[in-house]
Structure formats: C-alpha cells, structure tokens
J.: 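If you scroll down you'll find the structure; I have some questions about it.
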Amino acid sequence: MTPVLKRMAGIALALLAWEALALSGWVPKSYFPPLPAIALAGWNLLYSTDFPPQLEATCWRMVAGLALASGIGTATAIATTRYRVLHRMLEPFVGMLRVLPPPAIVPMSIF
C-alpha cells in the first residue's frame with residue numbers, strides 16, 4: 001500500500017468512526033453531528049451573505065497579529081543582542097523555553 005493510500009485510509013477510518021459515534025447516540029448530536037449535517041451546514045455557510053465579511057475580518061486579524069508579533073519579536077531580538085543588560089535579564093526565560101519542544105510552546109503561547 002502506498003503512503004498516499006495509507007493516509008487516505010486513515011482519514012476514511014476517522015470519518016467512519018465519527019459517523020458511527022454520531023449515529024450511536026452515546027454523545028449528544030450537538031457534540032458529534034452526522035457528516036451530512038456538517039457538509040450541509042458548510043455548504044450553506046459558504047453561500048451565505050455573512051461569510052465573506054467574517055472571512056475578511058478574520059484574515060485581517062491574522063495578518064495584524066502576525067505583523068505585531070513579528071515586529072515585537074524582531075525588536076526584542078535586536079535589543080537583546082545590542083544591550084548586554086537586557087540579554088542577561090532575558091537569558092533565563094530563553095533558557096527555559098529552549099528545552100521545550102516547539103509543539104509544546106504553541107499551546108502555551110496561545111494562552
């Protein structure tokens with residue numbers, strides 16, 4: 001079996017498990033709606049008049065957040081390399097973050 005087929009099989013199994021859980025009644029339908037209901041809601045959202053303005057607002061917020069974080073991070077990095085006192089002050093925090101794997105930092109940074 002090729003790697004692409006293995007990935008597709010994994011996705012298909014996950015979707016089948018979702019549908020089985022949705023139809024079993026073990027969990028409320030508001031937590032696990034059936035897949036056709038999800039597809040219909042997505043289709044209706046895509047063609048509603050509310051979607052484009054909301055998508056635009058979300059994209060602008062993402063770009064603004066990225067620009068702000070990049071600016072603050074770059075300014076902090078430049079100031080830390082230029083001023084030894086600032087480097088010594090921030091070194092313990094950077095040292096603590098250096099031992100963490102990058103995927104573990106993401107949830108922490110979201111909070």
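Fair warning: this is a prediction, and the values are worked out from it, not measured in the lab. Heavy atoms only: backbone and side chains are in, while hydrogens, waters and symmetry mates are out.
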J.: Side chains of residues 11-40: which donor-acceptor pairs under 3.5 Å do they make with residues two or more places apart or in other chains?
T.:
{"from": "Trp18", "atom 1": "NE1", "to": "Pro33", "atom 2": "O", "distance (Å)": "2.8"}
{"from": "Glu19", "atom 1": "OE1", "to": "Leu35", "atom 2": "N", "distance (Å)": "2.8"}
{"from": "Ser24", "atom 1": "OG", "to": "Leu21", "atom 2": "O", "distance (Å)": "2.9"}
{"from": "Ser24", "atom 1": "OG", "to": "Trp26", "atom 2": "N", "distance (Å)": "3.3"}

J.: Working to the nearest 0.5 Å, report the span between CG of Leu46 and CG of Leu55.
T.: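 Going from CG on Leu46 over to CG on Leu55, the span is 9.5 Å.
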
J.: Going only through I, L, V, M, F, W and Y residues with side-chain contacts under 4.5 Å, is there a path from Leu100 to Phe93?
T.: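 Leu100 does not cluster with Phe93.
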
J.: Inspect the surroundings of OH in Tyr83 and state if more than 12 heavy atoms from other residues, nucleotides or ligands are less than 6.0 Å away.
T.: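 For Tyr83, atom OH is not crowded (no more than 12 foreign heavy atoms under 6.0 Å).
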
J.: Under a 4.5 Å side-chain heavy-atom rule over Ile, Leu, Val, Met, Phe, Trp and Tyr, are Leu66 and Leu68 clustered together?
T.: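 No, no single cluster joins them.
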
J.: Is a side-chain N or O of Thr81 found less than 3.5 angstrom from the main chain of Ile78, in a donor-acceptor match?
T.: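 Here the side-chain-to-backbone pair exists.
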
J.: Less than 4.5 Å apart, side chain to side chain, heavy atoms only: is that true for Thr76 and Leu90?
T.: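 Counting from C-beta outward, Thr76 and Leu90 do come under 4.5 Å.
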
J.: Applying side chain to side chain contact (heavy atoms under 4.5 Å, CB included) to Thr58 and Met62, what does each step give before you reach the verdict?
T.: CA-CA 6 Å; Thr58 300; Met62 287 176 10; 4.2 Å; yes

J.: Taking atom CZ of Arg61 and atom CD of Glu56, what is their separation to the nearest 0.5 Å?
T.: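 It comes to 10.5 Å.
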
J.: Rounded to the nearest 0.5 Å, what separation is found between the OG1 atom of Thr49 and the CD atom of Gln54?
T.: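 Reported to 0.5 Å precision, the distance equals 10.5 Å.
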
J.: How far apart are the closest heavy atoms of Met96 and Val99, and which atoms are they?
T.: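 Minimum heavy-atom contact is O-CG2, 3.2 Å.
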
